[in-house]
Amino acid sequence: MKQSNIVLNGIAASSGVAIGKVFILEEDDLVSVKKDVPTDKINKELARLRIAVKQTKADLEQNYEELNKMLGENYAKIADAHILILNDPMIGKEVVDCVKEGNTAEYAIYAVVKKFSKSFDAIQDEYFRERKNDLIDVAKKVTAHLLGKNKKTLADLKEDSIVVAKNITPADTVSMREAMVRGFATDLGGKTSHTALVARSLEIPAVVGLKNVSYQVKQGMSIIIDGNNGIVILNPSEETISNYKREYEIQVSNRKALEQFKDLPAVTTDGLEIKLGANIESPEEVRSVLKHGANGIGLYRSEFMYLSRTSMPTEEDHYRNYIQVAQKMMPYNVIIRTIDLGGDKIAKLGLMEVGKEANPFMGLRAIRFCLKYPEVFKVQLKGILRASVCGNVRIMYPMISGVSEIKAANKILEQAKEELRKEGKPFNEDIKVGAMIEVPSAAVITDLIAKEVDFVSIGTNDLIQYTMAVDRVNANIAHLYNPMHPAILRLLKFIINSAHEAGIDVGMCGEMAGDPAYTVVLLGLGLDEFSMSAAQIPQIKKIIRSVSKEKAKMLVNKLLKCSSMQEIEIELKKFKYI
Ligand code: PEP
Ligand code: MG
């Protein structure tokens, strides 16, 4: 008899309950399963291999062209190196020989890569040893072509399903928007990994950091995702299913009850009005943003445009994308964050290879990437500038670590403006420019940064990661990732006070802003604008409308005297609204 009610504990990434059947999303990988090919089918197998190699070569050549155009010869060489591996006669012959012995092309690639990997491992020189990864990459690309349509993707979903995977990349989440995904569970990830925050924006219950759920499930198996408590139940019993069905109904009616707050202002009992914005990743989300009663877009993660395509967006692509949001959101502000590629958001533009770094979150990411490749940056800035005539568009730079980066970015912005003037394309000359405060060095010099920009927005997802030295996507240390650490509280107070002294507004667009546990704390700290997943807005509005600014300030004064997160959490629990 099969075992029922297997409970796995993970990290609650997106609230809610989902009950359904498992859909296993596989990663691009090599195929180690040995299957014999009958002698009369060997020629056909060799033809399959030839076609897959040809398709991979075409992809790599296109990559080369794009990299060369946008990033220069040096990066294009990466694609070039892959083409060389693909054309290597020795490796090629070994694969062909292995197929001739009666193996599938997929298995032949796996076996030959395994053999060559061993030789690479024995090489003393680190540079040449690392070329093993290039070989594996190329092998995976050919294998993906061989598997073609056989590999299941989210686009194959025919019925409501719960997606289970080792990891879901931000690129996968783009297709999740259209697919019939009712919930998901992953081995990897933390509460603020991009996969988790996309789940919240799509209102899909999710549990991440389950370590080995992907090894424990079978395609089509029954599963429950409890995103409220961070648990997953495999093969649930009838009784468990009916308990969770009741919980699901409560969830639906709670959401309905919150709808009454949609058109009410977010104003405290003593009359302070707070702006509640939404975080989005694509223009399609604007409908949901308006439905939940947001006062603007506090963060448009524009890099998602790069994650859903395989070629670089043009100025026109950017412009068309942003005007859709700007027009629909009139008269509210739309803060477009310039691309934050890198970290866990790696685009498949051939930039994939550029993203390979030992510490991607601390690497060539966001504004650093844009300043290194000003031509890529300028294309986006021109698109944003042109969209600024159609609405209240603002620009925001991510991952700022010092004043010189803002100055350098503004210089490129000036060049973009100058080019548009020459081309006779209109834009808002007084477009407002802001900086994200998400790197501790920026936080410490908020006063200096405030002199260079019109507004700042605190990105707590990264600010906490870098201040606490806790990788935001690492499940093993997720317990250390806590916005209520005294250091974070002090830092937030410092940022908000410094910005106010300089006379500018402070927003927050990290996940902390949409977490009801911290709403009163942020009010007490004096935050001007909160930006979050649209679905969170009614709940946060309800809290703001039930508390006074004075009471929130008193709470914060108490919390600031605590010496540990545990003490702070005890004080927070004691807090009474009235
Ligand atoms: C943040 O770091 O808080 C943030 C909003 O940016 P992202 O999550 O996209 O890194
Ligand atoms: Mg960030």
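Keep in mind it's a predicted model, so treat the numbers as computed, not measured. Ligands are counted one by one from 1 in listed order, and the atoms in each one are counted from 1 as well.
Side chains of Asn279 and Ser533: no donor on one and acceptor on the other come within 3.5 Å. Looking at Glu284 and Ser282, their side chains do bring a donor and an acceptor atom within 3.5 Å of each other. Under 3.5 Å, the side chains of Asp187 and Ser214 contain a donor-acceptor pair of N or O atoms.
Cation-pi geometry between Arg337 and Tyr397 is not satisfied (NZ or CZ under 6.0 Å from the ring centre, within 45° of the ring normal). A cation-pi arrangement is found for Lys551 relative to Phe575, the charged atom lying closer than 6.0 Å to the ring centre and inside a 45° cone about the ring normal.
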task = Test Val439 against Ile400 for side chain to side chain contact (heavy atoms under 4.5 Å, CB included), laying out the working first.
result = CA-CA 7 Å; Val439 176; Ile400 291 294; over 6 Å; no
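Residue-and-atom listing of protein N/O/S atoms under 2.8 Å from the Mg ion (ligand 2), sorted by chain and number: Glu438 OE1, Asp462 OD2.
The six-membered or imidazole ring of Phe377 lies away from that of Tyr373, with a centre-to-centre distance of 6.0 Å or more. Taking the six-membered ring for Trp and the full ring otherwise, the centers of His318 and Tyr306 sit less than 6.0 Å from each other.
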What short N/O contacts, under 3.5 Å, does ligand 1 make with the protein, listed by atom pair and distance?
| unit_1 | atom_1 | unit_2 | atom_2 | d |
| --- | --- | --- | --- | --- |
| ligand 1 | 2 (O) | Glu438 | OE1 | 2.9 |
| ligand 1 | 2 (O) | Asp462 | N | 3.0 |
| ligand 1 | 2 (O) | Asp462 | OD2 | 3.0 |
| ligand 1 | 3 (O) | Gly459 | O | 3.3 |
| ligand 1 | 3 (O) | Thr460 | N | 3.1 |
| ligand 1 | 3 (O) | Asn461 | N | 2.8 |
| ligand 1 | 3 (O) | Asn461 | ND2 | 3.3 |
| ligand 1 | 6 (O) | Arg337 | NH1 | 2.9 |
| ligand 1 | 8 (O) | His194 | NE2 | 3.4 |
| ligand 1 | 8 (O) | Arg301 | NH2 | 2.9 |
| ligand 1 | 8 (O) | Asn461 | ND2 | 2.9 |
| ligand 1 | 8 (O) | Arg472 | NH2 | 2.8 |
| ligand 1 | 9 (O) | His194 | NE2 | 3.0 |
| ligand 1 | 9 (O) | Arg301 | NE | 2.7 |
| ligand 1 | 9 (O) | Arg301 | NH2 | 3.4 |
| ligand 1 | 9 (O) | Arg337 | NH1 | 3.1 |
| ligand 1 | 9 (O) | Arg337 | NH2 | 2.8 |
| ligand 1 | 9 (O) | Lys345 | NZ | 3.3 |
| ligand 1 | 10 (O) | Arg365 | NH2 | 3.2 |
| ligand 1 | 10 (O) | Asp462 | OD2 | 2.9 |
| ligand 1 | 10 (O) | Arg472 | NH1 | 3.0 |

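Ring geometry, Tyr300 versus Tyr322: the interplanar angle exceeds 60°, so the pair is classed perpendicular (tilted spans 30 to 60°).
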